[in-house]
Number of protein chains: 2
Amino acid sequence: MTQSTSDISALSVAGLRRVLEPKSVAVVGASADPQKSGYIILRNLIEHRFLGKIWPINPNKTEIQGLRAFSSVMAVPGDIDVAFIAVQAALVPNVVRECVEKKVGFGVVISSGFKEIGLTGRDLESQIVSIAKKGGMRLIGGNTIGMVNASNHLIASMVPFQRWKDGGISIICQTGLFAGAAADWIMENRIMSLGKVIDLGNKCDLDESDFLEFLGNDQGTKVIGLYLEDIADLNRFASVSRKVSLKKPIIMVKGAQTKEGTVAAQAHTGAHPVDNEIIDEVLSRSGIVRAGNFGQLLDYLKAFEYQSLPAGNRIGMITLSGASGVLAVDECSRLGLSIAKLSDHTKNSIKAEIMPDWQPVDNPVDIWVGMGPLAEKAHSVTLRSLLQDESVDAVLAILLAVKPADHDVGRIFRECASYQPNKPILAAIAGGSLADRWFNELEQEDTKKIPSYIGPDSPERSLNALAAMYLYSQFLEKPQ
Amino acid sequence: MTQSTSDISALSVAGLRRVLEPKSVAVVGASADPQKSGYIILRNLIEHRFLGKIWPINPNKTEIQGLRAFSSVMAVPGDIDVAFIAVQAALVPNVVRECVEKKVGFGVVISSGFKEIGLTGRDLESQIVSIAKKGGMRLIGGNTIGMVNASNHLIASMVPFQRWKDGGISIICQTGLFAGAAADWIMENRIMSLGKVIDLGNKCDLDESDFLEFLGNDQGTKVIGLYLEDIADLNRFASVSRKVSLKKPIIMVKGAQTKEGTVAAQAHTGAHPVDNEIIDEVLSRSGIVRAGNFGQLLDYLKAFEYQSLPAGNRIGMITLSGASGVLAVDECSRLGLSIAKLSDHTKNSIKAEIMPDWQPVDNPVDIWVGMGPLAEKAHSVTLRSLLQDESVDAVLAILLAVKPADHDVGRIFRECASYQPNKPILAAIAGGSLADRWFNELEQEDTKKIPSYIGPDSPERSLNALAAMYLYSQFLEKPQ
């Protein structure tokens, strides 16, 4: 199941570009029935205006969704870089055989019913791998939901998407979520943008190291997210991920961390049992940042994408909610972040500009005066002062999105950020009916984005992201 | 700052009803300026149609927001149960003096500038407490955002609310969030309903034990949420909370758990340093369920409100996302929950009704066949089978809210739940554009609600809630 290093390195430079930037794709099992995966994949490609040729393959149709259909890949009057295969598992060996004959470069096996279902499936999977290998064709999957490359509009997923927004975050995963339901939720709620997503599925041939190496060299990719249940070739992964980590951050969720989880992973992607202690060691040496779950993964990815790394771990905090400030300080302590000791200059200028005489200023700066006519000034003065204070490495703004505190949040934050563009700012929007508007202002597409998180646990989520950024900055300074 | 037990017990039966169910309230500092707290409190009371008399107090006006205003409480031609005091701190002693003279039962001191700002404020606070005490009047606050009792439409908060929905969850807190920004967010997004909310502020007089005892006896309150930075009288709290815990669950977030957090709490509510190890011990003996942050608090509260307690810790899981299933199993392991071993009957009937021949059935039940025409049947058959299996104590359904899996979620879940009304079901909606609609169907107001969580970390959040329910059920079975 694993490849020798030389074999792959050759592939990853020229070859993998062909699978993510194909000039032509076939959808084998293309369908006119909206319930079938072969329908949805084709629909996505058409609706998102894939920048290449699309060949629907179906032995019983001459036209599908307005495109001419072909009885098999053999019948296609042109080259095929990638075939998306969405037919019953039992039919896949024959499809792969025909693909080999047609000199298709890559097969993305959407069909399930392989290694993940036990012995019978494992045999079938070995069969298709061996057919492909003999013919020089490479496989992704089986049991994959598909893949996405937003830059050429290759939205090849068996989950329908209304919209997809391109960005600097790319994801490699042993799950369909990030080209499926999670991505659908991310895109509909405009949580973030995603550049490339590869669901590895069962990893019968190409694996995480192949795509990691590719994304490491990919100009469009700024940050990489990983979800893995097992690792195909740990030595290769260690060397590739370390090389990539030195260039761009890799954030990873490791599934199957417990004995029970490993059993479940076996049923999911036929993942083989692994020694998690060894993996933990490898990941840490490689500078890979760990996330505890999918929520954290998304939180971290956008913080890394939008902001520079902090120069240290001293956090300056603005709060309109004393309790959120207290809990945030508790969380800093737990995470090994330190509460910046503000300079007298900072304290005095905040005091002089916005606070009543009797109100002491400390970190977190409690700007309750910002509930009312002083809202804009309180946020702006405090944010600017914290950013300009040399004892502050990063700023967390805990915002209360309620009417008395309303102001032109997006403009204020961008103005202040421009004084210190390399000092990270994160915004935790601790609820309120204005939360969505503020979020949109802070994460506006055409400007430097402030990573923003909404909800009662947003201060903790932001601090976890800051701690992850600090950890990675430590790795870059002194790789272990 | 603390009361003797006899003193308070007498109060809590008759007296505290008067503060939460007043027949008449005064707003001292009532204002026509929309930026002032005295404006917003009055506005909330009027717009939410408070079921009692409202007396605006302002020496410079004869009418405010359409109501006749009075120069002082003394001038009011009728009784006043509660005065909400929203004037500058320095003016509060005189207001309290007049309230005493007028025989006002309770003063809710919204003004800040007391104990939380240091020595000067502490003196001022002692002053008002001593004036009130001599006159037999009781105080809440200072530095409180206000309080809410939805049953009589007493929305007395300095944050404006468009809507407020009454429910069985009540909250006592040393923060304004739950009568402020968090509540605003909860109400606007219809996350849950809240019955009574008391922001204790600085707790210069009445404290958590007073209100905890009251809510323990309150018919409308089914579950109690607590946020505390310190505890005024630990012995009394221990005895009251244990008594209440045996009747209804108390979920608590403790702020200021670290040395640094304690310093921050000092600045927030003038909280005094406490020994967290002793508090942890007390809370555990009292059967109080701990939540790690505000997000968890809300998650737990609604799970406890909507569902019965599980009879054991064996979880049955439905998943449409294998990876979410794997991570959920990992989380179960960490939380001390066990993965139910499904009976052969359960496995066989799920297999017979919805699975292809080659697909094994195990727990979590991976119903990927539910992506397509089988969506409704797959969810319904699996949910019903798990609920009817005696080896399953609680069910977590991990849903993928995407089009191919769309079905009549609300009806299916309610039908299935009706077979086993005492077995808890929680729903984790792992994203997708249909998430909001499904959420609304599952948490419909007029039926038994299924606690639902949206987002990439929703399976973990749900399992934490189930673990909390199991822990509490253990306490009830065998109080320590």
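Treat the numbers as computed from the prediction; the structure is a model and nothing was measured. The sequence lines fix the lettering, A, B, ..., with proteins before strands; numbering per chain opens at 1.
The backbone N or O of A:A401 sits nowhere less than 3.5 Å from a side-chain atom of A:R437 that would complete a donor-acceptor pair. B:T144 contributes no side-chain N or O that, together with a main-chain N or O of B:I110, makes up a donor-acceptor pair within less than 3.5 Å. Side chain of A:N44 to backbone of A:M158: no donor-acceptor contact under 3.5 angstrom is found.
Heavy-atom pairs under 4.5 Å with chain B peak, among A:G255, A:P459, A:S333, A:G372, at A:S333. Of the listed residues (A:A182, A:A183, A:P360), the greatest number of heavy-atom pairs within a distance under 4.5 Å of chain B belongs to A:P360. Across B:A89, B:A430, B:G261, B:G180, the residue that shares the most heavy-atom pairs under 4.5 angstrom with chain A is B:G261. Ranked by heavy-atom pairs under 4.5 Å with chain A, the first of B:C173, B:A265, B:A256 is B:A256. Contact count versus chain A (heavy atoms, under 4.5 Å) is highest, among B:G295, B:G121, B:P456, for B:P456. In terms of heavy-atom pairs under 4.5 Å with chain B, the best-connected choice from A:V329, A:V159, A:T258 is A:T258. In terms of heavy-atom pairs under 4.5 Å with chain A, the best-connected choice from B:A181, B:G118, B:A264 is B:A181. For the set A:D330, A:D457, A:V326, A:V402, the count of heavy-atom pairs under 4.5 angstrom toward chain B peaks at A:D330. Looking only at heavy-atom pairs under 4.5 Å with chain A, the residue among B:G322, B:P364, B:C332 that has the most is B:G322. With chain B as partner, the option from A:A323, A:S338, A:G431, A:A328 having the largest number of non-hydrogen pairs under 4.5 angstrom is A:A323. For chain B, the option among A:L400, A:L327, A:T120 with the highest count of heavy-atom pairs below 4.5 Å is A:L327.
Contacts of A:E229 with chain B are made by side-chain atoms alone, with heavy-atom separations under 4.5 Å and no backbone atom involved. Interface remark: B:V263 contributes no atoms to any contact with chain A (heavy atom separation under 4.5 Å). For B:E460, the part lying under 4.5 angstrom from a heavy atom of chain A is the side chain only. Contact of A:I40 with chain B is made through the side chain alone, with heavy-atom distances under 4.5 Å. With a 4.5 angstrom heavy-atom cutoff, B:K254 touches chain A only via backbone atoms. Contacts of B:I429 with chain A are absent, with no heavy-atom separation under 4.5 Å from either backbone or side chain. B:S112 touches chain A through backbone and side chain together, each having a heavy atom under 4.5 Å away. For chain A, the nearby parts of B:I117 are the backbone and the side chain; heavy atoms of each come within less than 4.5 Å. With a 4.5 Å cut-off on non-hydrogen atoms, A:F161 does not touch chain B at all.
Atom CD of A:Q162 sits about 13.0 Å away from atom CE of A:M187, to the nearest 0.5 Å.
Looking at A:E331 and A:R334, a side-chain N of the basic residue comes within less than 4.0 Å of a carboxylate O on the acidic one, giving a salt bridge.
Counting all heavy atoms, side chain and backbone alike, B:G455 lies closest to A:W185 at CA-CZ2, 4.0 Å. Considering all non-hydrogen atoms of both residues, B:G370 and B:L320 come closest at C-CD2, 4.2 Å.
Counting non-hydrogen atoms of other residues, nucleotides and ligands closer than 6.0 Å to CG of A:D33 gives a total above 12. With a 6.0 Å radius and a threshold of 12 heavy atoms from other residues, nucleotides or ligands, A:K403 has its NZ atom at or below the threshold.
Between the side chains of A:D366 and A:T319, no donor-acceptor pair of N or O atoms lies under 3.5 Å.
When the options A:M355, A:K351, A:K347, A:M317 are evaluated for a side chain to side chain contact (heavy atoms under 4.5 Å, CB included) with A:V365, the one that passes is A:M355.
Between B:Y453 and B:F439, the ring centre distance reaches or exceeds 6.0 Å.
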